[in-house]
Protein chains: 2
Amino acid sequence: MTEGLGARAPKYHRVADALRREIRDGELAPGQRLPAETTLVERFRMSLPTIRQALGVLRAEGLIESRHGIGTFVKEQRRLQRRSRGRYGSARDHQKLLTHHLRHDIVFAGRGPVPSHIAEVMGIDPGTEVVIRRRHLFDKDTNQPEEIGASYLPVEVAGGTFLEEPTVVPKALFLCVEDLTGRHYTRARDQWIARMPTADESSILELPTGAPVMHVVHVARDEDGDVLEVSESIWPADRVIVIDDYPVEQEAEQPAAASEV
Amino acid sequence: MTEGLGARAPKYHRVADALRREIRDGELAPGQRLPAETTLVERFRMSLPTIRQALGVLRAEGLIESRHGIGTFVKEQRRLQRRSRGRYGSARDHQKLLTHHLRHDIVFAGRGPVPSHIAEVMGIDPGTEVVIRRRHLFDKDTNQPEEIGASYLPVEVAGGTFLEEPTVVPKALFLCVEDLTGRHYTRARDQWIARMPTADESSILELPTGAPVMHVVHVARDEDGDVLEVSESIWPADRVIVIDDYPVEQEAEQPAAASEV
DNA sequence: GTCGTCAAGTCCTCATGAGGAGTAGGGTCG
DNA sequence: CGACCCTACTCCTCATGAGGACTTGACGAC
């Protein structure tokens, strides 16, 4: 650990380090308010920009969060949601929306050009017309934004159906598609990346500056390998744990996706 | 998109937006150097701190990277490494280290107290003595840091073996453990989270400020459900894609890890 | 030719000063 | 009692000014 930084380290770095240690040691508990910036100026005997720069470092690390006009607070580290595969089986059971505890705002439903990163996994040309459903999900109680979601369906699959209407579907999307087409979801591929949010995502999800997002692109295919659906979700990264539970291969085998951890 | 911000938006925000658009539109290509800060001061007719604040926003978004004494550059978005399960099968095939293209620096090997986040998944008390192997991995060609890794093995498993010695093991760790104990890796569980790096991680991985990391904790058990090994890896998030390819459950089933995407 | 020195250009640190904007609490007026 | 306003406190924005540290390339001494 970088305890006791030498006098050679930048001042803002030393301040950040002192506060970081107080947070780690519990002197500043999660949820607790930090001293006001002006108070820190007096305490550390440094200028306001220097103090603010130090706070900026801790903000970028996700340790604190500032609220305009109120104060700066130690963030509560909670990762509530666990996400992994297995969604299909449980949805077949319950016959209801996977995210029924969230309020769904359908912000768009209809046809449009497929974005390039989706076209890539679908194996079609960017700009090809597909059926798109975009949604924002909010916690029903706190009204906090939880997720930005979008589904992309080939026109052959969803064209002319109620999936082009901006209404919440009655059950999991894949069950609707199976009913409408008679085809079956057979194989899926998830692609997870973590990145910094765009300005739009940051404002929709009300993210504090410096908070990363988790972005998953989900591709579902039928028994012939044809794409039935691509959907993507974007969450604040600090609310997500991806869990993958699987048997260890006992025999030599070449997995579909190479390959190391 | 937040095109054409009104005059009410903060100045640094407008500057960031203008540069962001130039990057997105390709006027500033990946790898290319941005105008010097002093040049931007003249061009936008704003003060240096304002310009620097705008650059700070783009840095936090992972769009640009500044190098002291050299300049500020548009980051190349490259996600080279794809990681997913299936590691065991291919390792049994090749009988060599999974990360043989990287240089391994064993920074520690021996006994020590288990960290709390590892104790939790191992189901033991924090501080219990375990065998720990810590390593830093570097690209053999560029010498760039690529990964921080650590393995935690119960003393019953690895105590008194060469796994307590700070030398690179001849083949994948799990094959060593299987040979030494006669027990077999049967089931594994990976836990992925994305977060901002600690100060230490940031310096070891030479991360630009504002860049998140991907952190995976891997738990391996034998047929009795006893933990044989826990290992964790930390990568710069922008070099990682996690890919998960799996069959869709056709029948009702309660997966081990609940469960929604 | 090789090495070290130097200067120019770059980003980084930090101080001072001023004003603006959002929030919460208390008081006043109806 | 309720609605409104005012004030104190908070964080946010932005300017100016100065010096330092790092990198590169050119130049001269050896």
Side-chain angles (χ1 to χ4, degrees), chain A residues 2 5-19 28 31-60 62-75 199 202-203 206-211, chain B residues 2 5-19 28 31-60 62-75 199 202-203 206-211:
Chain A
T2 48
L5 287 170
R8 308 242 30 95
K11 284 187 173 182
Y12 77 94
H13 203 313
R14 292 196 302 246
V15 173
D17 211 56
L19 294 174
L28 291 168
Q32 190 179 338
R33 183 170 153 265
L34 271 71
E37 293 176 349
T38 52
T39 310
L40 293 174
V41 165
E42 292 172 11
R43 175 172 148 198
F44 288 100
R45 303 195 174 276
M46 290 176 193
S47 73
L48 179 58
T50 302
I51 294 296
R52 283 188 53 76
Q53 195 174 1
L55 294 176
V57 169
L58 300 181
R59 246 194 308 272
L63 288 176
I64 64 173
E65 183 176 3
S66 298
R67 288 179 234 159
H68 193 169
I70 306 181
T72 303
F73 300 82
V74 180
K75 271 221 283 193
S202 187
S203 97
E206 294 174 15
L207 295 171
T209 54
Chain B
T2 47
L5 288 170
R8 308 244 27 97
K11 284 187 173 182
Y12 76 93
H13 203 315
R14 294 198 300 254
V15 173
D17 211 57
L19 293 174
L28 292 168
Q32 188 178 337
R33 185 172 152 263
L34 270 72
E37 293 175 349
T38 53
T39 310
L40 293 174
V41 165
E42 293 172 11
R43 175 172 146 196
F44 287 102
R45 303 194 173 279
M46 291 176 192
S47 73
L48 179 58
T50 303
I51 294 295
R52 282 187 55 76
Q53 195 173 1
L55 294 177
V57 169
L58 299 181
R59 246 194 310 272
L63 287 176
I64 65 173
E65 183 176 1
S66 297
R67 289 179 233 160
H68 194 169
I70 307 182
T72 303
F73 300 82
V74 180
K75 270 222 281 192
S202 188
S203 97
E206 293 174 14
L207 294 171
T209 55

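Residue numbering restarts at 1 for every chain, and letters A, B, ... go by the order of the sequence lines.
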Separation of A:T72 OG1 from A:L63 CG (nearest 0.5 Å): 13.0 Å
For B:R43, check salt bridge (charged side-chain N to carboxylate O under 4.0 Å, His left out) against everything at least two apart and list the hits. B:E22
Do any of residues 43-53 of chain A sit with a heavy atom less than 4.0 Å from DNA chain D, and if so which? A:R52
Roughly how many Å is it from CG in A:L40 to P in C:dA15, rounded to a whole number? 14 Å
Interface polar pairs with nucleotides 7-10 of chain D, N/O, under 3.5 angstrom:
none

Between P of C:dC12 and CD of B:E65, the distance in whole Å: 11 Å
Please evaluate residues B:I64 and B:F73 with respect to the criterion side chain to side chain contact (heavy atoms under 4.5 Å, CB included), reporting the C-alpha separation (whole Å), side-chain torsions for both, the decisive distance (0.1 Å), and the verdict. CA-CA 6 Å; B:I64 65 173; B:F73 300 82; over 6 Å; no
For the pair made of CD1 in B:I64 and P in C:dT10, what is the distance, rounded to whole Å? 16 Å
Distance check needed: C:dC14 C1' versus A:L55 CG, whole Å only. 15 Å
What pairs meet the side-chain hydrogen bond (donor to acceptor under 3.5 Å, both in side chains) rule with one or both residues in residues 44-56 of chain A, with sequence neighbours excluded? A:E37-A:R52, A:S47-A:T50
Partner set under side chain to side chain contact (heavy atoms under 4.5 Å, CB included) for A:A18, not counting sequence neighbours: A:F44
Go through the structure and list residues passing salt bridge (charged side-chain N to carboxylate O under 4.0 Å, His left out) with B:K75, not counting sequence neighbours. B:D238
Expressed in angstrom and rounded to an integer, what is the separation of B:L34 atom CG from C:dC11 atom P? 9 Å
Counting only N and O atoms by type, is there a donor-acceptor contact under 3.5 Å from the side chain of A:R59 to the main-chain atoms of A:S66? no
Using only side-chain N and O atoms of A:Y12, determine if any of them is under 4.0 Å from OP1 or OP2 of C:dT13. yes
Stepwise side chain to side chain contact (heavy atoms under 4.5 Å, CB included) check, A:M46 with A:V41: CA-CA 5 Å; A:M46 290 176 193; A:V41 165; over 6 Å; no
